[in-house]
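Values reported hereafter were calculated over all heavy atoms of this structure, with side chains retained and with hydrogens, waters and symmetry mates removed.
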Amino acid sequence: MDEYQSLSHSKWECKYHVVFIPKCRRKTLYAQLRQHLGEVFRNLAERKESRIEEGHLMSDHVHMMISIPPKYAVSQVVGYIKGKSAIHLARVYGERKRNFVGQHFWARGYFVSTVGRDEATIREYIRNQEQEDQRLDQMNLWR
């Protein structure tokens, strides 16, 4: 918090809470794939001079808090991460015979919100997302 980064002529702190889902919200993000994707996302973010501050991969969606320099648009970085990770997943886990350009693993849209001064709250929310989803699922069983 309050750690500003700098470019040649500016100081900045641009952090965003991003959520996106796999196509048709398929529960495809399991065990080793979830762990592997975290590393892939971090590497892809670094290529756009961004940093994933906090992240959690649920079975059917991804939560991350990402720091993006002001010289990049949020849509550009999120699109890059989603596109390149989809190609990577297709190459590693998909059929190796196919051309991997144009693979569609992630749904088209995403949610994004600026973090601002609520950084600690959003970090806590991302960390506890899995327990909260399980609690809500349990509550829905009794309806």
Student: State yes or no: do Tyr110 and Ile122 share one hydrophobic cluster built from I, L, V, M, F, W and Y residues joined by side-chain heavy-atom distances below 4.5 Å, directly or via other members?
Tutor: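 No.
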
Student: What residues, two or more places apart in sequence or in another chain, satisfy side-chain hydrogen bond (donor to acceptor under 3.5 Å, both in side chains) together with Ser67?
Tutor: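 None.
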
Student: Is there a continuous path of hydrophobic side-chain contacts, each under 4.5 Å between heavy atoms, that joins Leu57 to Phe105?
Tutor: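 The answer is yes; both residues are in one hydrophobic cluster.
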
Student: Hey, what do you get for CG (Asn128) to CD (Glu124), rounding to the nearest 0.5 Å?
Tutor: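 Between Asn128 CG and Glu124 CD, I get 4.5 Å after rounding to 0.5 Å.
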
Student: Do Glu53 and Arg51 sit within salt-bridge range, that is, some charged N less than 4.0 Å from a carboxylate O?
Tutor: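 Looking at Arg51 together with Glu53, the answer is yes, because their closest N to O distance falls below 4.0 Å.
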
Student: Output all residues satisfying ring-ring contact (aromatic ring centres under 6.0 Å, His included) with Phe20, sequence neighbours left out; order by chain, then residue number.
Tutor: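 Phe20: ring-ring contact (aromatic ring centres under 6.0 Å, His included) contacts with Phe41, Trp106.
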
Student: Applying the 4.5 Å side-chain criterion to the ILVMFWY set and letting contacts propagate, would Val78 and Met65 be lumped into a single cluster?
Tutor: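 Looking at the clustering, Met65 is in a separate group from Val78.
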
Student: Suppose the criterion is side-chain hydrogen bond (donor to acceptor under 3.5 Å, both in side chains): which pairs have a residue in residues 72-82, not counting sequence neighbours?
Tutor: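 Listed by first then second residue: Glu49-Tyr72.
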
Student: State which residues pass side-chain hydrogen bond (donor to acceptor under 3.5 Å, both in side chains) with Gln129; sequence neighbours excluded, sorted by chain then number.
Tutor: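 Gln129: side-chain hydrogen bond (donor to acceptor under 3.5 Å, both in side chains) contacts with Tyr125, Asp133.
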
Student: Only counting residues at least two apart or in another chain, list the ones meeting side-chain hydrogen bond (donor to acceptor under 3.5 Å, both in side chains) with His63.
Tutor: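 Counting only residues at least two positions away or on another chain, His63 forms a side-chain hydrogen bond (donor to acceptor under 3.5 Å, both in side chains) with His17, His61.
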
Student: Answer whether the closest heavy-atom distance between the side chains of Pro69 and Cys14 falls below 4.5 Å.
Tutor: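 A side-chain contact is absent here, since even the closest heavy-atom pair is not under 4.5 Å.
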
Student: Could you identify which residues cluster with Phe111, counting Ile, Leu, Val, Met, Phe, Trp and Tyr as linked when any side-chain heavy atoms lie under 4.5 Å apart, either directly or through a chain of such contacts?
Tutor: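 Answer for Phe111: Val19.
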
Student: Between CD of Glu46 and CD1 of Ile52, what distance do you get to the nearest 0.5 Å?
Tutor: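 Here the interatomic distance stands at 9.0 Å.
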
Student: Working note: Val77 + Ile66, criterion side-chain contact (heavy atoms from CB on, under 4.5 Å); need CA distance, chi angles, decisive distance, verdict.
Tutor: CA-CA 10 Å; Val77 174; Ile66 185 168; 4.1 Å; yes

Student: I would like to know whether Ile81 and Val18 meet side-chain contact (heavy atoms from CB on, under 4.5 Å); could you show each step before the answer?
Tutor: CA-CA 11 Å; Ile81 289 172; Val18 178; over 6 Å; no

Student: Kindly check if the number of other-residue, nucleotide or ligand heavy atoms within 6.0 Å of NZ (Lys48) is above 12?
Tutor: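 Yes - once you tally the heavy atoms of other residues, nucleotides and ligands closer than 6.0 Å, there are more than 12.
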
Student: Show your working on side-chain contact (heavy atoms from CB on, under 4.5 Å) between Glu54 and Met64 and close with a plain yes or no.
Tutor: CA-CA 6 Å; Glu54 194 76 43; Met64 68 173 70; over 6 Å; no

Student: Go through the structure and list residues passing salt bridge (charged side-chain N to carboxylate O under 4.0 Å, His left out) with Arg42, not counting sequence neighbours.
Tutor: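 Listed in chain order: nothing, the list is empty.
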
Student: Gly55 and Ile126: which non-hydrogen atoms are nearest, and at how many Å?
Tutor: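 Minimum heavy-atom contact is C-CG2, 3.9 Å.
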
Student: Go through the structure and list residues passing side-chain hydrogen bond (donor to acceptor under 3.5 Å, both in side chains) with Asp118, not counting sequence neighbours.
Tutor: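 For Asp118, no residue satisfies side-chain hydrogen bond (donor to acceptor under 3.5 Å, both in side chains) once neighbours in sequence are set aside.
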
